[in-house]
**Student:** 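Could you have a look at this structure, given as structure tokens, before my questions?
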Amino acid sequence: MATKLITIKADDTVETAVHVMNENDISGIIVEPDNDGVWSMLTQNDVVTKVMHSNRSPASVKVIEIANKPLRMVPVDTSLHECVDIMTDNKIRRVIVEKAGKPLGIVTYSDVFRTVDKFGWVPVDL
């Protein structure tokens with residue numbers, strides 16, 4: 001789980017988000033709550049499919065216009081198996097670990113791969 005969270009404001013431009021994501025070598029960034037108080041997520045895929053593919057300028061599009069809402073969060077005590085189920089069932093590549101409604105970390109597909117490589121994977125009875 002990545003615990004160094006990089007966030008961006010909902011009213012920042014996509015251009016700013018792309019710069020921050022590249023600067024930090026991350027493929028997704030947490031978007032701070034806007035006026036409705038809901039956290040969201042912006043990914044490289046969102047930028048490519050919703051801005052570039054639509055021939056829009058990243059400098060003129062606000063992050064909140066294309067970010068995924070609401071952010072898929074799981075409690076801090078959620079097992080890795082449960083995280084994998086949530087990601088698979090929702091067709092997402094990351095879940096946000098939260099405590100008291102605030103993001104603490106991110107579990108990604110890459111985290112799952114690294115964990116399985118290091119510790120193995122023990123199937124659970126379903």
Side-chain angles (χ1 to χ4, degrees):
M1 174 175 81
T3 57
K4 180 186 175 215
L5 296 181
I6 310 292
T7 64
I8 195 160
K9 295 189 181 326
D11 63 349
D12 282 336
T13 64
V14 170
E15 181 178 60
T16 299
V18 167
H19 175 72
V20 172
M21 290 165 66
N22 280 327
E23 190 174 73
N24 290 281
D25 195 29
I26 56 176
S27 61
I29 190 165
I30 295 175
V31 182
E32 297 171 9
D34 59 359
N35 295 335
D36 62 7
V38 177
W39 293 88
S40 54
M41 171 70 73
L42 180 71
T43 67
Q44 289 173 335
N45 186 60
D46 296 322
V47 174
V48 171
T49 60
K50 298 175 184 175
V51 177
M52 294 163 189
H53 180 68
S54 299
N55 200 31
R56 299 169 71 190
S57 169
S60 64
V61 177
K62 298 290 184 187
V63 167
I64 198 61
E65 292 177 49
I66 65 165
N68 297 296
K69 289 171 49 173
L71 191 58
R72 180 52 108 155
M73 294 204 267
V74 298
V76 71
D77 60 350
T78 303
S79 73
L80 189 59
H81 283 275
E82 291 173 285
C83 289
V84 167
D85 287 345
I86 290 167
M87 288 188 284
T88 303
D89 293 346
N90 291 281
K91 297 178 177 67
I92 55 178
R93 298 180 53 87
R94 55 189 64 79
V95 291
I96 309 307
V97 179
E98 61 89 15
K99 185 173 183 179
K102 295 202 177 195
L104 294 178
I106 301 175
V107 175
T108 67
Y109 274 12
S110 297
D111 295 323
V112 173
F113 268 61
R114 279 191 297 274
T115 300
V116 169
D117 183 44
K118 187 171 184 177
F119 301 107
W121 182 260
V122 179
V124 296
D125 293 329
L126 300 176

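All residue numbers refer to positions in the sequence shown, counting from 1.
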**Student:** Quick one: salt bridge (charged side-chain N to carboxylate O under 4.0 Å, His left out) partners of Arg56, sequence neighbours excluded?
**Tutor:** Glu65

**Student:** Let me check something: do Val20 and Ile30 share a hydrophobic cluster, defined by ILVMFWY side-chain heavy atoms less than 4.5 Å apart, either directly or through other members?
**Tutor:** no

**Student:** Just to verify, what does Asn24 make a side chain to side chain donor-acceptor pair (under 3.5 Å) with, not counting sequence neighbours?
**Tutor:** none

**Student:** When you look at CG of Asn35, are more than 12 heavy atoms from neighbouring residues, nucleotides or ligands closer to it than 6.0 Å?
**Tutor:** no

**Student:** Can you run down the ring-ring contact (aromatic ring centres under 6.0 Å, His included) pairs that involve residues 50-73, sequence neighbours left out, and say none if there aren't any?
**Tutor:** none

**Student:** To the nearest 0.5 Å, what is the distance between OH on Tyr109 and CE on Met87?
**Tutor:** 6.5 Å

**Student:** Quickly, which of Val31, Thr16, Thr13 forms a side-chain contact (heavy atoms from CB on, under 4.5 Å) with Val63? Name it, please.
**Tutor:** Val31

**Student:** Will you find, in the side chains of Arg93 and Thr43, an N or O donor that is under 3.5 Å from an N or O acceptor?
**Tutor:** no

**Student:** What pair of heavy atoms forms the shortest contact from Gly28 to Met21, and how long is it?
**Tutor:** N-CE, 3.8 Å

**Student:** Under 3.5 Å, sequence neighbours excluded: what are the donor-acceptor pairs made by side chains of residues 99-108?
**Tutor:**
| from | atom 1 | to | atom 2 | distance (Å) |
| --- | --- | --- | --- | --- |
| Thr108 | OG1 | Ser110 | N | 3.2 |
| Thr108 | OG1 | Asp111 | N | 3.1 |
| Thr108 | OG1 | Asp111 | OD2 | 3.2 |

**Student:** With side chains defined as the heavy atoms from C-beta onward, is the minimum distance between Asp46 and Asn68 less than 4.5 Å?
**Tutor:** yes

**Student:** Looking at residues at least two apart in the chain, or sitting in another chain, which of them share a ring pair (Phe, Tyr, Trp, His ring centres under 6.0 Å) with His81?
**Tutor:** Trp121

**Student:** Is there a side-chain contact (heavy atoms from CB on, under 4.5 Å) between Val74 and Glu82 once you walk through the steps?
**Tutor:** CA-CA 9 Å; Val74 298; Glu82 291 173 285; over 6 Å; no

**Student:** Rounded at 0.5 Å granularity, tell me how far OG in Ser57 sits from CD in Glu15.
**Tutor:** 6.5 Å

**Student:** With respect to Ile92, which candidate in Asp89, Thr88, Asn90 satisfies the side-chain contact (heavy atoms from CB on, under 4.5 Å) definition?
**Tutor:** Asn90

**Student:** With a 4.5 Å cut-off on side-chain heavy atoms, are Ser40 and Ile64 touching?
**Tutor:** yes

**Student:** For the residue pair Ile6 and Ile26, establish whether any side-chain heavy-atom pair is separated by less than 4.5 Å.
**Tutor:** yes

**Student:** Measure the spacing between CD1 of Ile86 and NZ of Lys91 and express it to the nearest 0.5 Å.
**Tutor:** 14.5 Å

**Student:** Do His19 and Glu23 have side chains that approach each other closer than 4.5 Å (heavy atoms only, starting at C-beta)?
**Tutor:** yes

**Student:** Within a strict 4.5 Å, meaning less than it, do heavy atoms of the Glu32 and Trp39 side chains meet?
**Tutor:** yes

**Student:** Are the side chains of Val97 and Thr78 in touch, meaning some heavy atoms are under 4.5 Å apart?
**Tutor:** no

**Student:** Working to the nearest 0.5 angstrom, can you tell me the gap between Met41 CE and Leu71 CG?
**Tutor:** 5.5 Å

**Student:** Please report the C-alpha distance between Ile66 and Val14 in whole Å, then the side-chain angles of each, then the deciding distance to 0.1 Å, and finally whether the side-chain contact (heavy atoms from CB on, under 4.5 Å) criterion is met.
**Tutor:** CA-CA 9 Å; Ile66 65 165; Val14 170; 3.8 Å; yes

**Student:** Quick one: side chain to side chain donor-acceptor pair (under 3.5 Å) partners of Asp34, sequence neighbours excluded?
**Tutor:** Lys69

**Student:** I'd like to know if Met52 and Val61 are part of one continuous hydrophobic network [Ile/Leu/Val/Met/Phe/Trp/Tyr, side-chain heavy atoms within less than 4.5 Å].
**Tutor:** yes

**Student:** Have Ser27 and Gln44 got a donor and an acceptor in their side chains that come within less than 3.5 Å?
**Tutor:** no

